[in-house]
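Heads up, the thing below is written out as structure tokens.
Everything quoted here is computed from the prediction, not taken from an experiment.
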Amino acid sequence: MSIFYKEYGVIVIGAGHAGCEAALAAARLGVPTCLVTINLDCIAAMSCNPAIGGLAKGHLVREIDALGGEMARNIDETGIQFRKLNTSKGPAVRATRAQADRLLYRLRMKRIIENQPDLDVYQAMASRILVKDGRVFGIETTLGEEIHGRCVVVTTGTFLRGLIHIGLNQFPAGRLGDPPSNRLSLSIEDLGFEMGRLKTGTTPRLHAATIDFTVMEAQEGDPEPTPFSFASKGVKLSQVPCYITYTNEKTHKIIEKGIERSPLFTGVIEGVGARYCPSIEDKIFRFPDRPRHQIFIEPEGLDTVEIYPNGISTSLPIDIQHEMVHSIQGLEKAQILRPGYAIEYDYSNPVQLRPSLETQLVNGLFFAGQINGTSGYEEAAAQGLIAGINAARQVLELEPVIIKRSQGYIGVMIDDLVTKGTKEPYRMFTSRAEYRLLLREDNADLRLCPLGRKIGLVNDEVWDAFTRKRDRFEQALAKIRSIRLRPGRDTDAWLESMGSSPLRKPCTLESLLKRPELEIGEVLRRFPEFDHLEDQIVAQLEMETKYSGYVKRQQEEAQLFEKWEAMRLPRDLDYWDVPGLSNEIREKLSKKRPDSIGLASRIPGVTPAALTALRIYLKKKGMD
């Protein structure tokens, strides 16, 4: 046994999207940090689709950016197609998605990490979590080295006892081409953690020169790409199109023919798969009446021939994969460069975590990403950021940072995980948020940048830009509220040109903007004082005027909710001493140890009557 030459404040296991954010956050807070990964050449590798963002996921990326994380800046520098989604729908569900140059995305993040002060990277495989008297003190590698640190963040992705399936062939791997982490999984289990098995999958990769794009529908990006980061000056790389094609009846018959050799349908795969991102064979059987399924043909980069056919994730035998691909229009001669596959892996039930993402069983040990049952780069990165922040703050002897449900999608996700747990891969949706009109992409900086500054991750340059933008927004809103319009021939003609009715009486510009048929950008063009306003500010002004009534209602609901959240529950509270609780509820509260009345209310089976009993007990004891 050898001891590593240096001790750290924080050790991060795994350099995927969660690990990168965790390590950068801890180091940027001035805590000596070590990022341990199996392969230094795979830092921030995009194991599945080459894209960042999407519905609800784009919200997470903006929130990561507002708090001082790196993902948004990384995709802005390496994105090759940016698109706004749901533009015809309400602002709460509009989102940004970008195709990435897979190689450049990885290389840029690797460069950022390698040049970050207080951050060391080390290639090794962690085999054991070192714990003494209920507190972590480091890790052991498969080479017998001990690396000591005050906190450890585990971000292992799909590597814990990873098992790849291609047809009835199976072999251990963390992802195709990389070894699994088996001993670390057993170490976590030996510490007393409840573990389970999940499954995810990916598509075969195709050679672009063997694809007939002329018979497909081109899908261009936005003519004026909108970057993710509030600090970005614009998009750097050339933008390229994606394409759309479809499966057909022949495709479906080929898939049906291969089902008898599918690990998914023969019971070989035990792990639970993602409900909202099923394999193509799962789609065929879940939706037998659908004559076709959409496939997005996505380039993996500017200097590679590899194409990602998004929509045909599969674990079918390789001969069936070839036949299936060749049955699809435009892919008749497509060459498969890498096969599609399914992968099973271990995860830890996230109800064993505190809202800080520190584990309840071991002090100083944090979990983030797919080990907590989530799927997706964005969900992982958001957890990694919070885990890295809180691990560093524990080293610095500061209170943990907890994002509220009313404050961000990050808070919604973590609260869902630690209170409800998950039995299937968890994916972020806007529908999971009670206050989604407050939690929009466009105002993520207004919501979270001040917190990022307080934590210490938002630097002076970003903060100065944010405050200037905030000031311009507030000044523009004050002008909108002060400008008064009167009925008259000129005003009526102007309104008629925009398809709106004449004024019957004087009103403010703010009142006029509530008319659903009026588009704020078109209205503001009449007033020179609003010239040169950024699109982001205009979007926020739209919310503050057109939707102000709905926003105010949700703000009131959120304030009421936060009163419950503010009622803290002592960590050592004896629930068996609280009168009026059933034994079942006492057992649940004793096991979960919620930090607040709000968290207790979201534990399944905890009734309103039980919450009232808790509040009365706290008041009698002077703890309210």
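In the displayed structure, Asp535 atom CG is contacted under 6.0 Å by at most 12 heavy atoms of other residues, nucleotides or ligands. Atom CG of Asp303 has 12 or fewer heavy atoms from other residues, nucleotides or ligands within 6.0 Å.
In this structure, the side chain of Arg436 does not engage the main chain of Arg432 through any donor-acceptor pair within 3.5 Å. Not one N or O on the side chain of Tyr243 forms a donor-acceptor pair closer than 3.5 Å with the backbone of Val215. Judged by distance alone, the side chain of Thr210 and the main-chain N or O of His207 form a donor-acceptor pair under 3.5 Å. Thr247 places a side-chain N or O within donor-acceptor distance of the main-chain N or O of His293, the cut-off being under 3.5 Å. A side-chain donor-acceptor contact under 3.5 Å links Tyr347 to the backbone of Thr422. Of the possible polar contacts, none joining the Glu140 side chain to the Ser127 backbone as a donor-acceptor pair under 3.5 Å is found. Using a distance-only test at 3.5 Å, with no hydrogens or angles considered, a donor-acceptor pair links the side chain of Arg205 to the main chain of Thr203.
Minimum interatomic distance between Gly14 and Thr155 (heavy atoms only, all atoms of both residues): O-OG1, 3.1 Å. Of all non-hydrogen atoms in Phe228 and Ile52, the two that sit nearest each other are CZ-O, 3.7 Å. When every heavy atom of Thr87 is checked against every heavy atom of Arg94, the shortest pair comes out as O-NE, 3.9 Å. Of all non-hydrogen atoms in Phe230 and Glu441, the two that sit nearest each other are CZ-O, 3.7 Å. Here the closest non-hydrogen pair linking Ala27 and Leu119 is CB-CB, 3.8 Å. Closest of all the heavy-atom pairs between Pro50 and Gln99 is O-NE2, 3.3 Å.
Atom OG of Ser185 is separated from atom CZ of Arg197 by 7.5 Å, given to the nearest 0.5 angstrom. Going from atom CD1 of Ile410 over to atom CG of Leu67 covers 5.0 Å, rounded to the nearest 0.5 Å. Expressed to the nearest 0.5 Å, how far OH of Tyr308 lies from CD1 of Ile295 amounts to 12.0 Å. The distance from the CG atom of Leu184 to the CD1 atom of Ile38 is 9.0 Å, given to the nearest 0.5 Å. Considering CG of Leu104 and CG of Asn74, their distance stands at 10.0 Å, rounded to 0.5 Å. Arg292 CZ to Ile328 CD1: the interatomic distance, rounded to the nearest 0.5 Å, is 12.5 Å.
Defined by atom type and a distance below 3.5 Å, a donor-acceptor pair is missing between the side-chain atoms of Ser232 and Glu77. For Ser229 and Asp76, the side-chain atoms include no donor-acceptor pair closer than 3.5 Å. Checked by atom type, the side-chain pair Ser47/Arg175 shows a donor-acceptor distance below 3.5 Å. In summary, the side chains of Gln383 and Asn372 do present a donor paired with an acceptor at a separation below 3.5 Å, with no hydrogens or angles considered. Defined by atom type and a distance below 3.5 Å, a donor-acceptor pair is present between the side-chain atoms of Asn248 and Thr251.
At a threshold of 4.5 Å between non-hydrogen side-chain atoms, the residues Thr359 and Phe367 count as touching. Residues Ile254 and Ile320 meet the side-chain proximity criterion, which asks for heavy atoms closer than 4.5 Å. Using a 4.5 Å heavy-atom cutoff, the side chains of Tyr409 and Arg62 are not in contact. Two residues are said to be in side-chain contact when any heavy atoms from C-beta on lie closer than 4.5 Å; Lys420 and Tyr426 fail this criterion. Contact of the Gln81 side chain with the Cys242 side chain is registered, since non-hydrogen atoms from C-beta on lie closer than 4.5 Å. Counting heavy atoms from C-beta outward, Glu256 and Phe285 have side chains that approach closer than 4.5 Å. A heavy-atom distance below 4.5 Å is not found between the side chains of Glu378 and Ile64. Residues Arg161 and Phe159 have side chains not in contact (no heavy-atom distance under 4.5 Å, counting atoms from C-beta outward).
When the options Leu40, Val121, Thr37, Asp120 are evaluated for a side chain to side chain contact (heavy atoms under 4.5 Å, CB included) with Ile113, the one that passes is Val121. For the side chain to side chain contact (heavy atoms under 4.5 Å, CB included) criterion with Leu206, the lone passing option out of Val325, Leu337, Val305, Ile312 is Val325. Of the residues Gln170, Glu281, Lys199, the one that meets the side-chain hydrogen bond (donor to acceptor under 3.5 Å, both in side chains) test with Ser315 is Glu281.
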**Request:** Given side chain to side chain contact (heavy atoms under 4.5 Å, CB included), test Glu379 with Leu60 step by step and report yes or no.
**Result:** CA-CA 7 Å; Glu379 289 90 341; Leu60 288 174; 4.0 Å; yes
**Asked** Does the side chain to side chain contact (heavy atoms under 4.5 Å, CB included) test come out yes or no for Leu55 and Thr430, once each step is laid out?
**Response** CA-CA 7 Å; Leu55 303 181; Thr430 56; 5.5 Å; no
**Request:** Determine, stepwise, if the pair Met428 / Val412 fulfils side chain to side chain contact (heavy atoms under 4.5 Å, CB included).
**Result:** CA-CA 9 Å; Met428 194 72 250; Val412 173; 3.9 Å; yes
**Request:** Apply side chain to side chain contact (heavy atoms under 4.5 Å, CB included) to Ile188 and Leu160, showing your working.
**Result:** CA-CA 10 Å; Ile188 293 170; Leu160 292 181; 4.3 Å; yes
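With respect to the salt-bridge test (charged N to carboxylate O, under 4.0 angstrom), the residues Arg111 and Glu114 do not qualify. Taking the charged nitrogens against the carboxylate oxygens, Glu434 and Arg602 have no contact shorter than 4.0 Å, which rules out a salt bridge. Using a 4.0 Å cut-off between charged side-chain N and carboxylate O, Lys84 and Asp222 make no salt bridge. Taking 4.0 Å as the cut-off between side-chain N and carboxylate O, Asp416 and Arg405 count as a salt-bridged pair. Classification of Arg83 and Glu298 as a salt-bridged pair fails, no side-chain N sitting under 4.0 Å from a carboxylate O. Using a 4.0 Å cut-off between charged nitrogen and carboxylate oxygen, Glu70 and Arg28 count as a salt-bridge pair.
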